[in-house]
Amino acid sequence: MMFRRNRKVAQAADLDAETPVPAEEIVQVAGWRLAVALTWTGAQSAAEARRFAGKNNAYVVCDAGGEIAVARGSKAAVGLLAGGALVGRLMPDAFVYHRLSDDRYWICLIRDGVPYPDYDRVVSGQQANQLYTNASSMAAPGTRLIGDIAPSTQTLAEVLQHAQALSRKELDECRLRKNGIRHRTVVISACVVAALATTAQLAIEHRDKLLSERKRQDMLRALLQSQQQREAESARIAKAVRDFQAKVAEQRALFRTPNAAWQQWTQCETQRHRLPFTHSGYRPVKLTCDFTGGVATVEWQAVGPHTRISDRAYLPGIVDPLDVGNHIVSSFVLPPLPAIDASAREVSLKQVRMDLVDWAHAKLSGGIRLAAEETVTLQPPAEIKGLDHVDSVTLGSRVLLDISATTSKDVLMLPEAMRYLSAWPISFQKMVWSSPTAPGAQFSGASTLFIPQ
């Protein structure tokens, strides 16, 4: 630690008796009046710093790398800037070697922004050289020399020019203050206390007059707020129950649709047969029937290099005829399928899987792939579980099926395949045709097999 508390000095100094201190020097550099040759030491608190300064003497307190550093001066230094503290603000690690007018020198070793103890002094030239030599072992790495001798890079006047940029608060922190009672502060504090006492008395009287009315209004507001909160909570719980019941009904309907595959196939085929082989120099290259989103999209491609971009406006259902990119898309709405009232079938998942695989190998070149079984269980939110007989519901099992047809033979078998799949609770999410109007059209579809519990 750079500062060690001088206990003998701290104990000798007391606020109740004036403490004589060595006279500091007052110098003027570049328009700044500075108090130098101050006595610096460390302190554990601001109170200890004031005891060290002594009654009615000048003092300044600085932060020295997390510790408290205090300088003491005489009454004449009150209101002046501590030279070491001001230079430390501008250059935290420095050694001041400044020549005064009477061939004496102000010597000040600064570490962490404050002067080192016993190294804020005004001495003769010979003593200055000795102090400079001794300070080399105590200076921090990177300490810069300020003054009138080599190898100084700046004079003290040049360094103090940068003090103009400091704020008033920063300058006041370097200013020596009188250690004693501040009468102005006492008077202002007394006035404030009196004003507060008067205001408090008026406030108490006003509070007593309105206390009964306030209590009555608070009780009414609390009662109304409590009632509104109960009603809002009941409405929220009821909505959560309805939402869960609607979700269960929606998912259960998927397990009660035995012929959705054929309906969806017919709907997508209707869109495919409406497509022309070519139109205005463009041909359809991909048809996607998205039954989840209720939309069919067609991607177009120019037949030759001389096809005009402006002719895209004539394509049926074109989304953006002004898009000059290569992504040319038409969009058509898929109307909702008619509702079918069909009761759930008692089926065996194992038997269904075997029948589908056998049929696919015999009729569709193995173009049906089944994923692993997944149990469908709907869990209600924890806040409504058990209310009005609301509990988890297991609807059954589902298996994802991918169906593909890449040869002409398989494409011709697709209508028969869809009729066969309609015997089971199968619903398609998407059907995709590549080159939908060309002889080499290819098909792929993603669907789900639902097995009720």
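Below, each value reflects all heavy atoms present in this structure, side chains not excepted, and no hydrogens, waters or symmetry copies.
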Nearest 0.5 angstrom please: Cys108 SG to Leu156 CG, how far?
10.0 Å

side-chain hydrogen bond (donor to acceptor under 3.5 Å, both in side chains), that's the test. Do Asp410 and Ser365 meet it? Break it down for me.
CA-CA 7 Å; Asp410 291 340; Ser365 301; 3.0 Å; yes

Name all residues meeting the disulfide (SG to SG under 2.5 Å) criterion together with Cys289; count only those two or more places apart in sequence or in a different chain, and write none if there are none.
Cys268

Which atom pairs, one a donor and one an acceptor, fall under 3.5 Å between side chains of residues 393-404 and the rest of the protein, sequence neighbours left out?
from, atom 1, to, atom 2, distance (Å)
Thr394, OG1, Thr377, OG1, 3.2
Ser397, OG, Glu373, OE2, 2.7
Arg398, NE, Glu374, OE1, 3.3
Arg398, NH2, Glu374, OE2, 3.2

Are Ile110 and Asp93 close enough that some pair of their side-chain heavy atoms sits under 4.5 Å apart?
no

Please determine whether side chain to side chain contact (heavy atoms under 4.5 Å, CB included) holds for the pair Leu171 and Cys174, giving the CA-CA distance in whole Å, both sets of side-chain angles, and the decisive distance to 0.1 Å.
CA-CA 5 Å; Leu171 290 174; Cys174 301; 5.9 Å; no

If you take all heavy atoms of Gly83 and Leu34, which pair is closest and at what distance?
CA-CB, 4.0 Å

Decide if atom CZ of Phe332 counts as having more than 12 heavy atoms of other residues, nucleotides or ligands within a radius under 6.0 Å.
yes

Report yes if some heavy atom in the side chain of Val159 is under 4.5 Å from a heavy atom in the side chain of Val96; otherwise report no.
no

Do the side chain of Thr307 and the main chain of Gly281 share a donor and acceptor less than 3.5 angstrom apart?
yes

To check you understand the geometry: which heavy-atom pair defines the closest contact between Met413 and Leu364, and what is its length?
CB-CD1, 4.0 Å

To the nearest 0.5 Å, tell me how far Leu421 CG sits from Leu414 CG.
9.5 Å

Distance, nearest 0.5 Å, that separates CG of Asp218 from CG of Leu220
9.0 Å

Name the orientation class of the two ring planes belonging to Tyr97 and Tyr132 (parallel below 30°, tilted from 30 to 60°, perpendicular beyond 60°).
perpendicular

Should Val285 and Trp433 count as side-chain neighbours, where that means a heavy-atom distance under 4.5 Å?
no

Is there a donor-acceptor pair under 3.5 Å between the side chain of Arg312 and the backbone N or O of Tyr282?
no

Rounded to the nearest 0.5 Å, how far apart are CZ of Phe95 and CD1 of Ile107?
4.5 Å

Taking Glu158 for the side chain and Thr155 for the main chain, is one N or O donor matched with an acceptor at less than 3.5 Å?
yes

Taking Ser167 for the side chain and Glu170 for the main chain, is one N or O donor matched with an acceptor at less than 3.5 Å?
yes

Please examine the side chains of Val432 and Phe443, heavy atoms only from C-beta on, and report whether any two atoms are closer than 4.5 Å.
no

Can you tell if the side chain of Pro425 reaches within under 4.5 Å of the side chain of Leu449, non-hydrogen atoms only?
yes

Donor-acceptor contact present, side-chain Ser422 to main-chain Trp262, <3.5 Å:
yes

Compare all side-chain heavy atoms of Arg33 with those of Leu81 and state whether any distance is below 4.5 angstrom.
no

Output yes when Asp311 and Arg308 qualify as a salt bridge under the 4.0 Å nitrogen-oxygen rule, no when they do not.
yes

Taking NE2 in His273 as the centre, count heavy atoms belonging to other residues, nucleotides or ligands within less than 6.0 Å. Is the count above 12?
yes

Donor-acceptor side-chain pairing of Asp118 and Trp40 below 3.5 angstrom
no

For a 4.5 angstrom cut-off between non-hydrogen side-chain atoms, does Met91 reach Ile146?
yes

Shortest non-hydrogen separation from Met138 to Leu109 and the atoms involved:
CB-CD2, 4.1 Å

Taking NZ, NE, NH1 and NH2 as the nitrogens, is one of them in Arg419 or Glu416 under 4.0 Å from a carboxylate oxygen of the other?
no

Counting only pairs under 3.5 Å, give me each side-chain donor-acceptor contact of residues 291-303, with atom names and distances, residues two or more places apart or in other chains.
from, atom 1, to, atom 2, distance (Å)
Trp300, NE1, Ser330, OG, 2.8
Gln301, OE1, Arg283, NH2, 2.9

Apply side chain to side chain contact (heavy atoms under 4.5 Å, CB included) to Thr153 and Arg144, showing your working.
CA-CA 8 Å; Thr153 58; Arg144 300 177 63 179; 3.6 Å; yes

Full working for side chain to side chain contact (heavy atoms under 4.5 Å, CB included) between Thr288 and Met431
CA-CA 6 Å; Thr288 302; Met431 292 183 180; over 6 Å; no

Can you confirm whether Arg168 is buried at CZ, in the sense that more than 12 heavy atoms of other residues, nucleotides or ligands lie under 6.0 Å from that atom?
no

Indicate the atoms forming the closest heavy-atom contact of Ala135 with Tyr119, along with that distance.
CB-CE2, 3.9 Å

Minimal heavy-atom distance between Ile368 and Leu370, with the atoms involved, is CG2-CD1, 3.8 Å

Quick check for you: to the nearest 0.5 Å, what is the distance between Lys286 atom NZ and Ser435 atom OG?
11.0 Å

Closest non-hydrogen atom pair between Thr437 and Phe277, with its separation
O-CD1, 3.7 Å

So does Asp243 pair up with Lys239, basic N to acidic O under 4.0 Å?
yes

Let me see the working for Glu233 and Arg230 under salt bridge (charged side-chain N to carboxylate O under 4.0 Å, His left out), right down to the final yes or no.
CA-CA 5 Å; Glu233 182 68 11; Arg230 287 196 300 269; over 6 Å; no

Would you mind reporting whether Gln264 and Met418 have side-chain heavy atoms less than 4.5 Å apart?
no

Candidate pair Val390 and Phe244, rule side chain to side chain contact (heavy atoms under 4.5 Å, CB included), full reasoning
CA-CA 9 Å; Val390 175; Phe244 179 71; 3.8 Å; yes

I need the Ile318 CD1 to Ser331 OG distance, nearest 0.5 Å.
10.0 Å

